[in-house]
Q: 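For reference, the structure I am asking about is given below.
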2 protein chains.
Amino acid sequence: MIARSPSLTEQVMTHLKDRIVRGDFPDGRIPAETELAADLGVSRTTVRDALSRLEHEGVVVRKQGAGTFVNAAGLQITSRLEEIWSYEDVLRDHGYTPSVEVLRLEREPAGPDVASVLGLAEGDEVLVVEKLFRENDEPVVLTVNMIPGTLAGSPKRRDARAPIYRFLADQSGRQLAYYLSDIVPVALQGERAATLGVAPGTPAISFEETGYDTEDRPVLRAASFFRDDLLRFRLIRRKAV
Amino acid sequence: MIARSPSLTEQVMTHLKDRIVRGDFPDGRIPAETELAADLGVSRTTVRDALSRLEHEGVVVRKQGAGTFVNAAGLQITSRLEEIWSYEDVLRDHGYTPSVEVLRLEREPAGPDVASVLGLAEGDEVLVVEKLFRENDEPVVLTVNMIPGTLAGSPKRRDARAPIYRFLADQSGRQLAYYLSDIVPVALQGERAATLGVAPGTPAISFEETGYDTEDRPVLRAASFFRDDLLRFRLIRRKAV
DNA sequence: CAGTGGTCTAGACCACTTT
DNA sequence: AAGTGGTCTAGACCACTGA
């Protein structure tokens with residue numbers, strides 16, 4: 001709850017972002033590192049740290065010998081794939097005001113695939129949490145999460161509306177540290193197509209992912225299905241260094 | 001002892017990668033930054049730079065106060081989405097030894113979408129380069145590239161087998177700087193399905209992307225289709241900082 | 001050529017985790 | 001308390017770009 005004062009680097013980042021948004025650099029050129037350092041009263045190292053992180057975020061581009069420039073393309077990226085964490089936030093980033101409904105919350109025996117990924121024996125119990133995210137009654141994202149039964153108590157539907165990483169932390173105390181995600185093309189069928197409000201056979205992207213806690217133990221298996229017409233993933237690809 | 005050319009930072013990176021692969025850190029724990037700096041005879045800043053980049057690549061994880069650790073999950077990532085540049089390399093990373101065939105190389109009038117993206121008038125000529133990447137006669141990736149007609153001479157089929165960024169550089173002198181890519185689910189139909197050797201209606205992922213040169217001018221529109229059973233994209237997602 | 005970002009050093013103190 | 005990574009400084013030289 002205590003707001004720790006942002007680091008100098010972070011303050012420089014916000015400062016630069018603000019100026020970019022404000023249109024302080026109409027030609028897209030950002031002042032030289034030494035100049036910024038002098039103006040802001042910090043060391044060039046700190047400025048460079050901030051610029052590195054902004055470059056990593058896709059906000060600016062640096063060209064040796066030439067200068068640092070605002071990256072117009074980066075402003076088009078609404079969701080950076082590697083930082084997706086809560087679908088509610090993703091939808092908000094897209095300008096939506098999402099609602100969440102818990103479609104399913106029950107225990108069932110794990111199938112062989114899920115058991116293997118989560119390090120369980122086949123037939124061990126998993127808790128299934130199925131959620132639908134809507135914008136104005138229009139379904140956009142459907143997620144199916146499976147958690148080892150031993151890592152959950154007897155949650156109420158209301159509890160399950162929280163982002164899954166928070167739900168998991170509340171139930172088990174385990175912190176979700178990272179996901180390993182496969183991007184998989186699917187054709188939506190049957191009930192799943194109906195839930196998302198599309199015709200059977202509609203092609204869609206599914207993220208199939210395994211979540212690990214801070215000690216690299218698998219704690220979550222999830223699949224997410226998207227309405228491609230309402231939610232599109234975009235990324236920048238640059239030549240590797 | 002250590003020489004120039006690859007930067008010190010890069011040498012430290014390769015050194016650490018080698019030791020990781022060699023199994024020098026059986027418990028997954030990497031020596032402290034100060035220790036590495038002393039051992040290698042470089043400053044801690046250089047070591048930190050190397051570790052930052054390895055962390056960014058997903059090779060290691062750093063935990064404040066605890067240490068730096070090998071990231072087992074990162075070793076499973078064969079293709080980092082944000083660094084895809086040549087599909088031949090992507091396939092090689094997957095352990096394949098790909099071959100390339102140029103299926104199509106001809107000029108045609110641009111449709112409205114392509115014209116708009118490339119900043120052309122509808123009907124202006126674009127050069128279409130369609131390539132198929134195979135592993136052992138098995139088709140894996142199909143790419144369709146469109147370049148403004150003014151940016152290409154009269155290339156031969158042989159020229160078009162090179163990676164598209166090199167082809168573009170050879171033809172026009174323009175350097176491809178980055179791509180803006182949409183990840184789109186499609187159902188493969190007709191000729192395209194046949195070319196990739198799958199049943200009509202098979203769901204697939206398509207990368208729809210626009211390539212820009214170093215001066216942010218659009219120079220390339222491309223779409224790529226994948227055999228999901230042969231080429232899978234995987235990524236790590238971590239909590240944003 | 002002057003000016004830019006890229007690399008590197010040596011050292012200081014802080015925030016956090018583990019013992 | 002000891003040890004780790006995180007932040008920050010001040011300064012040096014190099015590699016590259018552009019006029």
Side-chain angles (χ1 to χ4, degrees), chain A residues 1-16 25 27-56 59-71 175 177 213-215 238-241, chain B residues 1-16 25 27-56 59-71 173 175 177 213-216 238-241:
Chain A
M1 309 307 168
I2 308 292
R4 89 163 189 274
S5 81
S7 69
L8 270 186
T9 301
E10 278 160 357
Q11 293 179 52
V12 174
M13 288 174 69
T14 345
H15 171 84
L16 288 174
F25 312 119
D27 55 353
R29 188 189 189 85
I30 287 173
E33 297 176 349
T34 46
E35 194 182 328
L36 285 174
D39 287 356
L40 301 174
V42 300
S43 75
R44 188 182 156 211
T45 310
T46 302
V47 170
R48 276 188 64 73
D49 193 14
L51 286 174
S52 296
R53 287 161 66 172
L54 289 178
E55 182 176 35
H56 183 223
V59 177
V60 303
V61 183
R62 298 200 277 184
K63 296 178 188 170
Q64 175 165 177
T68 303
F69 305 86
V70 176
N71 177 16
Q175 290 290 333
D213 69 6
T214 45
E215 264 139 52
R238 264 175 216 295
K239 192 102 176 146
V241 186
Chain B
M1 180 61 211
I2 298 184
R4 245 57 182 192
S5 197
S7 70
L8 272 185
T9 302
E10 279 161 359
Q11 293 179 56
V12 174
M13 287 173 71
T14 19
H15 171 86
L16 288 173
F25 313 119
D27 53 354
R29 188 188 188 85
I30 285 173
E33 296 176 351
T34 46
E35 194 182 329
L36 285 174
D39 286 357
L40 301 175
V42 301
S43 76
R44 189 184 155 211
T45 309
T46 303
V47 169
R48 277 188 62 74
D49 193 14
L51 286 174
S52 298
R53 287 160 67 173
L54 289 178
E55 182 176 38
H56 183 220
V59 177
V60 303
V61 183
R62 298 201 274 186
K63 297 178 187 168
Q64 175 165 178
T68 303
F69 306 87
V70 175
N71 178 15
Q175 289 291 333
D213 69 6
T214 46
E215 265 139 51
D216 287 332
R238 264 174 218 293
K239 193 99 176 151
V241 184

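In what follows, every chain begins at residue 1, and chains take the letters A, B, ... in the order their sequences are listed.
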Q: Starting at CG of A/Leu54 and ending at C1' of C/dG5, how long is that distance when rounded to a whole Å?
A: 15 Å
Q: Mind calculating the distance between CZ (A/Arg29) and P (C/dG5) to the nearest angstrom?
A: 7 Å
Q: Closest approach to the side chain of B/Glu33, judged atom by atom: which nucleotide of D/dG5, C/dG5, D/dT9 is it?
A: D/dG5
Q: Side-chain N or O of A/Thr45 versus OP1/OP2 of D/dC8: is the shortest distance under 4.0 Å?
A: no
Q: Please report the distance, rounded to the nearest Å, between CG in B/Leu51 and C1' in D/dG6.
A: 13 Å
Q: Separation of A/Phe69 atom CZ from C/dT4 atom P, in whole Å?
A: 11 Å
Q: Taking C-beta and beyond as the side chain, do B/Leu16 and B/Leu36 meet within less than 4.5 Å on heavy atoms?
A: yes
Q: Please state how far atom NZ in A/Lys63 lies from atom C1' in C/dG3, giving the value in whole angstrom units.
A: 16 Å
Q: Please give, in whole Å, the distance from D/dG3 P to B/Ile30 CD1?
A: 20 Å
Q: C/dG3 C1' sits how many Å from A/Glu35 CD, rounded?
A: 11 Å
Q: Can you confirm whether B/Asp213 sits close enough to B/Gln175 that some side-chain heavy atom of one is under 4.5 Å from a side-chain heavy atom of the other?
A: no
Q: Using a 3.5 Å distance criterion without hydrogens, assess whether the side chain of A/Lys63 forms a donor-acceptor pair with backbone atoms of A/Phe69.
A: no
Q: Looking at B/Thr34, I'd like to know whether one of its side-chain N or O atoms comes within less than 4.0 Å of OP1 or OP2 on D/dG3.
A: no
Q: Does A/Thr46 have a side-chain nitrogen or oxygen under 4.0 Å from the phosphate oxygens OP1 or OP2 of D/dT9?
A: yes
Q: Closest nucleotide of DNA chain D for A/Arg44 versus for A/Leu8: which of these residues is on the 5' side?
A: A/Leu8
Q: Nearest-Å distance, CE (A/Met13) to P (D/dT7)?
A: 11 Å
Q: C/dG11 phosphate, OP1 or OP2: any side-chain N/O from B/Ser43 under 4.0 angstrom?
A: no
Q: Is B/Glu33 salt-bridged to B/Arg62, cutoff N-O under 4.0 Å?
A: yes
